[in-house]
Enquirer: 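One structure is given below, represented as structure tokens, and several questions about it will come after.
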Amino acid sequence: MKKVATRFAPSPTGPLHIGGVRTALFNWLFSKNQNGSFYLRIEDTDKERSKDEYKDQIIKSLIWIGIENDGDEYIQSTKIQNHIKVAKQLLDKGLAYKCYCSNEEIEEQKKRAKQKKIPYIYDRKWRDKNETDAPKDVKPTIRFKSKIEGTSILKDLVQGKVEIQNNTIEDFIILRNDESPTYNLSASVDDHDMNITHIIRGDDHKINTFKQMQIYQAMNWEVPNFAHIPLIHTSEGKKLSKRDKASTLDDYSKIGILPEALRNYLLRLGWSYKDKEIFSKEESIKYFNFEGIGKSPSKLDFNRILSINEHYIKNIDENDLFSKFQKYAQTYKYKISEDKTNQLKQSLGFLKNKAKTLEDIFKNSQYLLNDTVKINQDDLKLIDEKSKKIIKEFIEKILNLNNFDRSELEPIVKSLISKFDTNFKGVGQPLRIVLTGSRFGPGIYDILTSLGKVQVVERLKNI
RNA sequence: GGUCCCUUCGUCUAUCGGUUAGGACACAUGGUUUUCAUCCAUGAAAGAGGGGUUCGAUUCCCCUAGGGACCGCCA
């Protein structure tokens, strides 16, 4: 048995979106499940559109979500000579031929086909034509001699048997007239050279597979296994594209989605294992298989992402969460100062219970992070004379507390409730507003103890 | 237009001929709670339509409808 090898082969012509990330994830998962290798191949042969910044974004995204490629990145543009060599071999074997049709000629044919409403397919004009007839002023392309008769069957690991008539596959170009290889050639040669055993990709590549299989056969190479996974759709039901909003990992990272949560979400989008919803990295490797991949496209559900994120926020190790939060704040908000770090760390336990995202934690911890509190007019109106008296008396009572913990504070609040003939809200709300600038937030005892006596008094006495 | 693929609650999905069609998210209601949340309980919610095959179809086959992908000297 050959060692399993998979690859993810994006082109760096735009930011990687989460559909691509899922494809990468499935490839990675399958290879790890099989104790195989996973490679990253950058298909940067489109010189016009490929950009280094996108390549870097792709690599960074995969690292962020925890997908590691084995070995160095395989840069396709450095292998072009291999592709050309294969094209020449095909030519020598008589399995490819030079096509001297000009661009204009092809365009004309396409136009005519469109007018007649018949599908365009290259007419194989030069397939059997003698080269001596070649026009001198046209640089030829090299076309692959596709099968004309019969049918081809793709035994897809996800889609099952897919059968097509060979005559629907045209004699596609493998080498342009500037001698550069085209996608189907390059991909086939690279997959062969890299010893890829399983090609897992979006099902928008399904038709290409029939072209690539023919190249393998023509070269007498072992044809790899294919698994075409359904695409991810937007909420409108269309193929997810790079231009869609909230489609890159950074979009999720900056609102405080955890990489493990997104990984878990993506795993379950189009794949399932019984009723299980939460998968650790190890579990996902252990259980991943092709049988669990569905055949129909799936839509993105942001609520689900939030919900899984919430689960991870509440369940991962708290120190881990804290360092993630620190990094998050530093990257997208501002660096948390040294003196606030400890205070915040101790408060994480109750802050995280009110959060779906790291951004929520950030928002809820503003009262801790900022030394001054801004109270809006509406909230200020809620602080009437009676509230002020309560606050004043509260200050007096806490001044001589030693521990300033819940057990000390609770009796004080209770005594104020009965003294001023009010309810908990009558005491808790004014305190909360003055201390945090908001009517909502953590429990009042959490606020008090997290702030500490000095800061509490400081804030309260200003009212 | 041609080729190929898909179709279970709003969404992600379970079911691999016999189930009161299950779970999760979202939603609704109630409870816990000082607020907002959390948490707990309960509820509403699905096999696109039509034919077959079968004792029995969500499950197998066909047709129709709807949706999608591809049809580049892009990848």
Enquirer: Tell me the partner of B:A41, counting only Watson-Crick (N1-N3 plus N6-O4 or O6-N4) or G-U wobble (N1-O2 and O6-N3) with both under 3.5 Å; none if nothing fits.
Expert: B:U29

Enquirer: Could you check which of B:U38, B:G22, B:C12 has an atom nearest any side-chain atom of A:Lys314?
Expert: B:U38

Enquirer: May I ask you to verify if any side-chain N or O of A:Thr141 is less than 4.0 angstrom from the OP1 or OP2 atom of B:C73?
Expert: no

Enquirer: Under 3.5 Å, is there an N or O donor on one side and an acceptor on the other linking the side chain of A:Arg268 and the base of B:A24?
Expert: no

Enquirer: Do A:Lys397 and A:Ser415 have side-chain atoms, one donor and one acceptor, less than 3.5 Å apart?
Expert: yes

Enquirer: Need one value for A:Asn177: base, sugar-phosphate or nothing, where a base atom within 4.0 Å counts as base even if backbone is also close, heavy atoms only.
Expert: base

Enquirer: Heavy atoms from C-beta onward define the side chain here; which of B:A14, B:C4, B:U34 lies closest to that of A:Asp275?
Expert: B:A14

Enquirer: Can you say whether a donor on the side chain of A:Lys354 sits under 3.5 Å from an acceptor on the base of B:C36, or the other way round?
Expert: yes

Enquirer: State which of B:C73, B:A75, B:U34 makes the closest approach to the side chain of A:Arg432.
Expert: B:U34

Enquirer: To the side chain of A:Phe424, which of B:G23, B:U34, B:G1 is closest?
Expert: B:U34

Enquirer: Please determine if A:Glu260 and A:Lys281 form a salt bridge, counting it only when a charged side-chain N lies under 4.0 Å from a carboxylate O.
Expert: no

Enquirer: For B:G68, does OP1 or OP2 lie under 4.0 Å from any side-chain N or O of A:Lys239?
Expert: no

Enquirer: From the list B:C4, B:A75, B:G22, which nucleotide is the closest neighbour of the side chain of A:Gln76?
Expert: B:A75

Enquirer: Taking atom P in both B:U59 and B:G47, what distance in whole Å separates the two?
Expert: 13 Å

Enquirer: Any salt bridge linking A:Glu149 with A:Lys147? Criterion: basic side-chain nitrogen under 4.0 Å from a carboxylate oxygen.
Expert: no

Enquirer: Picking from B:A75, B:C6, B:C12, which would you name as closest to the side chain of A:Thr45?
Expert: B:A75

Enquirer: Can you tell me which nucleotide in B:G1, B:U34, B:C25 comes closest to the side chain of A:Tyr445?
Expert: B:U34

Enquirer: Of the nucleotides B:C70, B:U34, B:C25, which has the atom closest to the A:Lys425 side chain?
Expert: B:U34

Enquirer: When you get a sec, tell me which of B:C36, B:U38, B:A75 is the closest nucleotide to the side chain of A:Lys356?
Expert: B:U38

Enquirer: If only side-chain N and O atoms of A:Ser298 are considered, is one of them under 4.0 Å from the OP1 or OP2 phosphate oxygen of B:U13?
Expert: yes

Enquirer: Can you tell whether the side chains of A:Glu283 and A:Lys276 come within less than 4.0 Å, N to carboxylate O?
Expert: yes

Enquirer: From the set B:U13, B:A24, B:U34, return the single nucleotide nearest to any side-chain atom of A:Ser272.
Expert: B:U13

